[in-house]
Asker: 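After the structure tokens below, expect a handful of questions from me.
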Amino acid sequence: MRVLLNETQLLDGVRQLAAKIDEHYQGRPLTVVAVMTGSVVLFADLIRMLSMPLRVGVIQASSYRGGVKAGELAVDTDMLLDLQGRDVLLVDDIFDTGRTLERLTKIVQDRGAQSVQSAMLLRKQRTHDVPIRPDFVAFEIPDEFVVGYGLDYRDMYRNLPYLAILDEDEIARTSETHAAAKPIDPQAVASGNG
Ligand SMILES: O=P(O)(O)OC[C@H]1O[C@H](OP(=O)(O)OP(=O)(O)O)[C@H](O)[C@@H]1O
Ligand SMILES: Nc1nc2[nH]cnc2c(=O)[nH]1
């Protein structure tokens, strides 16, 4: 594992991100929506640095389940609060293909938000799959799979206080020790072999 950003660098980046957001909204009330689960650490740090009146909401989006490549995007809006007429800021850890942000921006617009912007800790230096771009970004990073400060590989590493690049051999090792859950075979369960 190679450390890309240490704890101090991350907090400095989040502080600068908060300053840009504060400057943009000029004290106007804001609804901040955490894109779970990856934004959990960033979100906790960021909202304590913002100075406008805040409402806090949550949405869940997941497409990297068990791997380093995006699969089908699943979104859960059950915990999303009312957004009608609100200025909304989506907060996420990373902008990679861009598909998550594109889908969530549409969902927020469809719920009647007055404006939708986005803040990301990281943006990968790569060609993105979508025309949309985040409005506020703390760090540009190389096109490598990163973990820590909320980002996972197979649900591990989110608690690391730093951001690190996961090497190929660590990816292989974690795959063995934390195999992704296999779907249940209903026939095997019915026959008692499940
Ligand atoms: O730009 P994209 O290619 O769409 O990737 C970005 C998304 O990928 C990660 O979520 P993930 O699907 O891993 O779920 P998680 O937040 O539960 O870790 C991350 O938290 C972003 O939401
Ligand atoms: N953990 C992790 N999740 C991602 N989702 C999209 N890109 C990444 C990445 O580099 N690391």
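Order of appearance sets the numbers: ligands from 1, and atoms from 1 within every ligand.
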Asker: Below 4.0 Å from ligand 1: does a non-hydrogen atom of E102 turn up there or not?
Answerer: no
Asker: Where is the nearest protein heavy atom to atom 10 (O) of ligand 2: which residue, which atom, and how far?
Answerer: K124 NZ, 2.8 Å
Asker: Take every heavy atom of A70, measure it against each atom of ligand 1, and state whether any distance is under 4.0 Å.
Answerer: no
Asker: Do D22 and M52 touch side chain to side chain, with heavy atoms closer than 4.5 Å?
Answerer: yes
Asker: Polar-atom distance check: D152 versus ligand 2, any N or O pair below 3.5 Å?
Answerer: yes
Asker: Taking only heavy atoms of T100 into account, list the atoms of ligand 1 that are under 4.0 Å away from them.
Answerer: 2 (P), 4 (O), 5 (O), 6 (C), 7 (C), 22 (O)
Asker: Out of G150, G98, S62, S63, indicate the one that has the non-hydrogen atom closest to atom 1 (O) of ligand 1.
Answerer: G98
Asker: Check the pair S39, D93 against side-chain hydrogen bond (donor to acceptor under 3.5 Å, both in side chains), reporting the backbone distance first and the verdict last.
Answerer: CA-CA 5 Å; S39 76; D93 50 358; over 6 Å; no
Asker: In the protein, what heavy atom is nearest to atom 7 (N) of ligand 2, and what distance, to one decimal place, separates them?
Answerer: D96 OD2, 2.6 Å
Asker: Give the C-alpha distance, both sets of side-chain angles, the deciding distance and a yes or no for side-chain contact (heavy atoms from CB on, under 4.5 Å) between L122 and L163.
Answerer: CA-CA 10 Å; L122 312 166; L163 186 84; 3.8 Å; yes
Asker: With a heavy-atom distance limit of 4.0 Å, tell me whether E144 approaches ligand 2 through its side chain, its backbone, both, or neither.
Answerer: backbone
Asker: Mark up the atoms of ligand 1 that fall under 4.0 Å of a heavy atom belonging to M36, in ascending order.
Answerer: 16 (O)
Asker: Anything under 30° is parallel, anything over 60° is perpendicular, the rest tilted; go ahead and classify Y25 against F136.
Answerer: tilted
Asker: At what distance is the nearest protein heavy atom to atom 2 (P) of ligand 1, and which residue and atom is it?
Answerer: T97 OG1, 3.3 Å
Asker: Return the minimal non-hydrogen interatomic distance between V130 and G98, and the atom names on each side.
Answerer: CG2-O, 3.5 Å
Asker: If you count every heavy atom of other residues, nucleotides or ligands that lies below 6.0 Å from E140 atom CD, does the total exceed 12?
Answerer: yes
Asker: With H128 as reference, evaluate R99, R123, E102 under the side chain to side chain contact (heavy atoms under 4.5 Å, CB included) test and give the passing residue.
Answerer: R123
Asker: Of all the heavy-atom pairs spanning I165 and E170, show the shortest one and how long it is.
Answerer: O-OE1, 4.4 Å
Asker: May I ask you to identify the nearest protein heavy atom to atom 14 (O) of ligand 1, giving residue, atom name and distance to one decimal place in Å?
Answerer: A61 O, 3.4 Å
Asker: Pick one of side chain, backbone, both or neither for how Y64 approaches ligand 2, counting any non-hydrogen atom pair under 4.0 Å.
Answerer: side chain
Asker: Indicate the ring-plane relationship of F145 and Y153, choosing parallel, tilted or perpendicular according to the 30° and 60° boundaries.
Answerer: perpendicular
Asker: Taking atom 16 (O) of ligand 1 as the point of reference, which of S39, P134, G38, G71 owns the nearest heavy atom?
Answerer: G38
Asker: Just need the protein heavy atom nearest to atom 5 (O) of ligand 1, so name the residue and atom and give the distance.
Answerer: Y64 CE1, 3.4 Å
Asker: Are the side chains of V146 and I94 in touch, meaning some heavy atoms are under 4.5 Å apart?
Answerer: yes
Asker: For ligand 2, which atoms have a heavy atom of L151 less than 4.0 angstrom away?
Answerer: 1 (N), 2 (C), 3 (N), 11 (N)
Asker: I need the nearest protein heavy-atom contact for atom 22 (O) of ligand 1: residue, atom name and distance, please.
Answerer: D92 OD2, 2.6 Å
Asker: Look at atom 19 (C) of ligand 1 and find which of D93, V35, L73 reaches it with the closest heavy atom.
Answerer: D93
Asker: Tell me which one of V35, T100, I59 satisfies side chain to side chain contact (heavy atoms under 4.5 Å, CB included) with V75.
Answerer: I59
Asker: Between Y64 and D152, does any side-chain donor sit less than 3.5 Å from a side-chain acceptor?
Answerer: no
Asker: Check this for me - ligand 2, V146, N or O atoms closer than 3.5 angstrom, yes or no?
Answerer: yes
Asker: Check each atom of ligand 1 against the heavy atoms of I94 and keep those under 4.0 Å away; list them by number with element.
Answerer: 6 (C), 19 (C), 21 (C)
